[in-house]
Asker: 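Please see the structure below; I have some questions.
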Amino acid sequence: MKVREAFCGDLIFDWSYQFLSPEALQEFAAKRLPQDFSARRSELLDGRYMNVTEEREVSHVLTRGRNSVLRDTGAANGGENSKFARIVRRLRSGQWLGATGKPITDVVNIGVGGSDLGPLMTSFALREFASDIRQHDLRTHFVSSMDGGQLYAVLPICDPETTLFIVASKSFGTSDTFANVDTVKCWVKECFAELSDDAVGNDWLTAWLEHHVIGVSANVEKMTNYGIPPAHQLVFEESVGGRFSLWSSIGLAIATTCGTRVFQRLLAGAAEMDEHFATAPLSENIPMLMALIGVYNREERGINNIAILPYDGRFRHLPSYLQQLDMESNGKQYTATGAALSAPTGPIVWGGFGPNGQHAFFQHLHQGYDAFTADFVCVLHRAAPQFSESVAAALNEQQKLSVANCLAHRRLMAFGKESETPTEHYPGGHPTSLFALKELTPESFGAIIAAYEHKVFTQGLIWGLNSFDQPGVEQGKKVAIDTLARIEGKSEQSFDASTDAIIRMI
């Protein structure tokens, strides 16, 4: 077996265990890549590619370049003079004061889908890189679930006088998000009602909106009508899709957690992958290799799922993020022009933190009957400068243990183990890829996320899809509105026997 690797900066993509030769992959690319692929790729990277369903360009790549939120003042070098950066600096330095004059200590990001998954994943992965001087600790929390379960956990550990809420919604009308916001308003009102008029004035809602809320949206009118002051509004373009938006002002929670310098490095890493995608030949082009291998496994091998298996805890939220990125983009039965498809497209994306998965679902992967493919992710070296020398050495040994387990399970899935005893027989034969990062940095993290974005785009082109719409999601919301109206007694509409029975119980 020969080593098959591609490189971008400190990021290594190893596809040696895909059981494909470069020649076979080149032949498959000649058969499946659209003839106008290079032109479509250039359109994406220049912000000119059209989302034909919504009749607008796709511009998320520009948000990590010339349209960065860190450049919104037109300053030649961007950076610290943008509204985004000024807000982050005020929060992280303790200069942002709540309605009663106390510094903000907690930031709660309220959003769902792309307004939650990307910021949550990235904040968790990169928080250790925050190194700018702060006057006080600023804790960031994430709330997305419409059932209020996350609020149930967050509100008791926060103080309404020192908590700021980021209301992140592209449309600024997502029902899930505003169900949480409405509950927060009840919580704040009760607290502010107990304070003297001298503390917050007669109008608690205005005091809260002016001191404790930042709106992040593409809809300025709705933010303004809601009462959020213009100075506390961060806007991104309609042409930035939600699941591609962590690079935009939707990434505010990333910056409040890690600082603007880390956020800038994250963007730089993604921009490096953009350049790699634009210029590297197929045999060295990580997103193109990922895309073609994925299509090959789907079409030629009939494998309908891919497991995302990170072996570094900082990537813990990667599987959930990639579920939305891939399945909402390419889980479709129709082309970009609306024609029906009879062949399958995007795979089922699932997975989990590898070291924990070994004690949960790996048994099925090693000895079950189902075919699957997998992407492993590991970090080869980890520095621990905030710890003593002895603790750092112990943590380094743990990192080696994690890498060893990653490589071992990947090898066992690929090659198996022969035995006449059923309990000791491992069939193997599962094609897998490996992302190996020499070290996790904001740059390498940005690069790997951008690589997955470009993989999804390339696969969408191959299958003739529009990867930037999601009408199935929107239809589900419409059905939910009708159902809620029936639950609340505002409609007499009947559905099916099972649904109607549950509604009667309510």
Asker: Could you check if a side-chain atom of Phe457 sits within less than 4.5 angstrom of a side-chain atom of Leu45, using non-hydrogen atoms only?
Answerer: no

Asker: Suppose we call two aromatic rings close when their centres sit under 6.0 Å apart. Are His212 and Trp96 close by that rule?
Answerer: no

Asker: Pick out which of Phe445, Trp247, Phe84, Phe129 makes a ring-ring contact (aromatic ring centres under 6.0 Å, His included) with Phe263.
Answerer: Phe84

Asker: State plainly whether the residues Glu328 and Arg243 are in salt-bridge range, i.e. N to O under 4.0 Å.
Answerer: yes

Asker: Answer whether the closest heavy-atom distance between the side chains of Leu33 and Phe28 falls below 4.5 Å.
Answerer: no

Asker: Which word best sums up how the rings of Phe468 and His60 line up, parallel for under 30°, tilted for 30 to 60°, or perpendicular for over 60°?
Answerer: tilted

Asker: Which residues satisfy the ring pair (Phe, Tyr, Trp, His ring centres under 6.0 Å) test with Tyr311, sequence neighbours excluded?
Answerer: none

Asker: For the residue pair Thr256 and Leu138, what are the closest heavy atoms and their distance?
Answerer: O-CD2, 3.8 Å

Asker: Please list all pairs meeting salt bridge (charged side-chain N to carboxylate O under 4.0 Å, His left out) that have one or both residues in residues 455-469, counting only residues at least two apart or in different chains.
Answerer: Asp326-Lys455, Lys332-Asp469

Asker: Does the side chain of Asp370 come under 3.5 Å of the side chain of His364 through a donor N or O and an acceptor N or O?
Answerer: yes

Asker: Could you list the donor-acceptor pairs under 3.5 angstrom formed between side-chain atoms of residues 220-229 and any protein atom two or more places apart in sequence or on another chain?
Answerer:
residue	atom	partner	partner atom	Å
Thr224	OG1	Val220	O	3.0
Thr224	OG1	Gln233	NE2	3.1
Asn225	ND2	Glu221	O	3.3

Asker: According to the interplanar angle, ranging from 0 to 90°, do the rings of Trp208 and Trp204 count as parallel (below 30°), tilted (30 to 60°) or perpendicular (above 60°)?
Answerer: tilted

Asker: Side chain of Asp36, backbone of Ala39: donor and acceptor closer than 3.5 Å?
Answerer: no

Asker: Start with the C-alpha gap between Asn330 and Val456, add the side-chain angles, then the distance that decides, and say whether side chain to side chain contact (heavy atoms under 4.5 Å, CB included) holds.
Answerer: CA-CA 7 Å; Asn330 291 344; Val456 167; 3.6 Å; yes

Asker: Are any of the side-chain heavy atoms of Val88 and Leu252 separated by less than 4.5 Å?
Answerer: yes

Asker: Looking at Thr373, is its backbone amide N or carbonyl O close enough to the side chain of Thr432 to form a donor-acceptor pair, meaning the two atoms are under 3.5 Å apart?
Answerer: no

Asker: Which pairs with one or both residues in residues 488-506 pass salt bridge (charged side-chain N to carboxylate O under 4.0 Å, His left out), sequence neighbours excluded?
Answerer: Glu488-Lys490

Asker: Could you tell me if the side chain of Pro319 sits less than 4.5 Å from the side chain of Pro310, heavy atoms only?
Answerer: yes

Asker: Answer whether the closest heavy-atom distance between the side chains of Met146 and Asn180 falls below 4.5 Å.
Answerer: no

Asker: Measuring only between side-chain heavy atoms, which start at C-beta, is Val240 closer than 4.5 Å to Thr63?
Answerer: yes

Asker: Output yes when a side-chain donor or acceptor of Arg48 lies under 3.5 Å from a complementary backbone atom of Arg40, and no otherwise.
Answerer: no

Asker: Which residue pairs pass the side-chain hydrogen bond (donor to acceptor under 3.5 Å, both in side chains) test with at least one member in residues 286-310, sequence neighbours excluded?
Answerer: Gln18-Asn297, Arg32-Glu299, Asn297-Arg301, Glu299-Trp463, Asn305-Trp350

Asker: Mark yes or no for whether Ser82, through its side chain, and Ala85, through its backbone, hold a donor-acceptor pair below 3.5 Å.
Answerer: yes

Asker: Do the side chain of Thr499 and the main chain of Phe495 share a donor and acceptor less than 3.5 angstrom apart?
Answerer: no

Asker: Do His366 and His430 make the cut of ring centroids closer than 6.0 angstrom?
Answerer: no

Asker: Between Thr177 and Ser169 (side chain of the first, backbone of the second, donor and acceptor by atom type, cut-off under 3.5 Å), is there such a pair?
Answerer: no

Asker: Please find the pair of heavy atoms, one from Leu309 and one from Ala374, that lie closest to each other, and give the distance.
Answerer: CD1-CB, 4.0 Å

Asker: Are the side chains of Ile104 and Thr163 in touch, meaning some heavy atoms are under 4.5 Å apart?
Answerer: no

Asker: Any sub-3.5 Å donor-acceptor pair from Ser248's side-chain atoms to Ser245's backbone N or O?
Answerer: yes

Asker: What are the two closest non-hydrogen atoms of Pro287 and Ala451, and how far apart are they?
Answerer: CB-O, 3.8 Å

Asker: Gln459 vs Leu465, test: side chain to side chain contact (heavy atoms under 4.5 Å, CB included). Steps then yes/no.
Answerer: CA-CA 8 Å; Gln459 290 183 333; Leu465 312 175; over 6 Å; no

Asker: Indicate the atoms forming the closest heavy-atom contact of Gln150 with Val143, along with that distance.
Answerer: OE1-C, 3.6 Å

Asker: Check each of Phe315, Phe376, Trp15, Tyr452 against Phe435 using the ring-ring contact (aromatic ring centres under 6.0 Å, His included) test, and report the only one that passes.
Answerer: Tyr452

Asker: Checking the side chain of Arg486 only, and the main-chain atoms of Ile503 only, is there a donor and an acceptor separated by less than 3.5 Å?
Answerer: no

Asker: Aromatic rings Phe165 and Trp187: how do their planes relate, parallel, tilted or perpendicular, breaks at 30° and 60°?
Answerer: perpendicular

Asker: Between Asn285 (side chain) and Phe277 (backbone), is there a donor-acceptor pair under 3.5 Å?
Answerer: yes

Asker: Between the side chain of Glu57 and the main-chain N/O of Met50, is any donor-acceptor distance below 3.5 Å?
Answerer: no

Asker: By the salt bridge (charged side-chain N to carboxylate O under 4.0 Å, His left out) test, which pairs, at least two apart or in different chains, include something from residues 142-171?
Answerer: Lys102-Glu161

Asker: Can you name the nearest heavy-atom pair linking Gly173 to Phe178, along with the distance?
Answerer: N-CE1, 3.7 Å

Asker: Using 4.0 Å as the upper bound for N to carboxylate O, is an ion pair formed by Arg314 and Glu128?
Answerer: yes

Asker: Do Arg127 and Phe124 form a cation-pi contact, if we require the NZ or CZ to be under 6.0 Å from the six-membered ring centre and within 45 degrees of the ring's axis?
Answerer: yes

Asker: We want to know whether Ser467 and Ser329 form a side-chain donor-acceptor pair, criterion being a heavy-atom distance below 3.5 angstrom.
Answerer: no

Asker: Taking the side chain as every heavy atom from C-beta outward, state whether Ile448 and Ser444 have any pair of such atoms under 4.5 Å apart.
Answerer: no

Asker: Less than 3.5 Å apart, any donor N or O on the side chain of Asn466 or Asn51 sitting next to an acceptor on the other?
Answerer: yes

Asker: Can you see whether Thr140 engages Thr257 through a side-chain donor-acceptor pair at a distance of less than 3.5 angstrom?
Answerer: yes

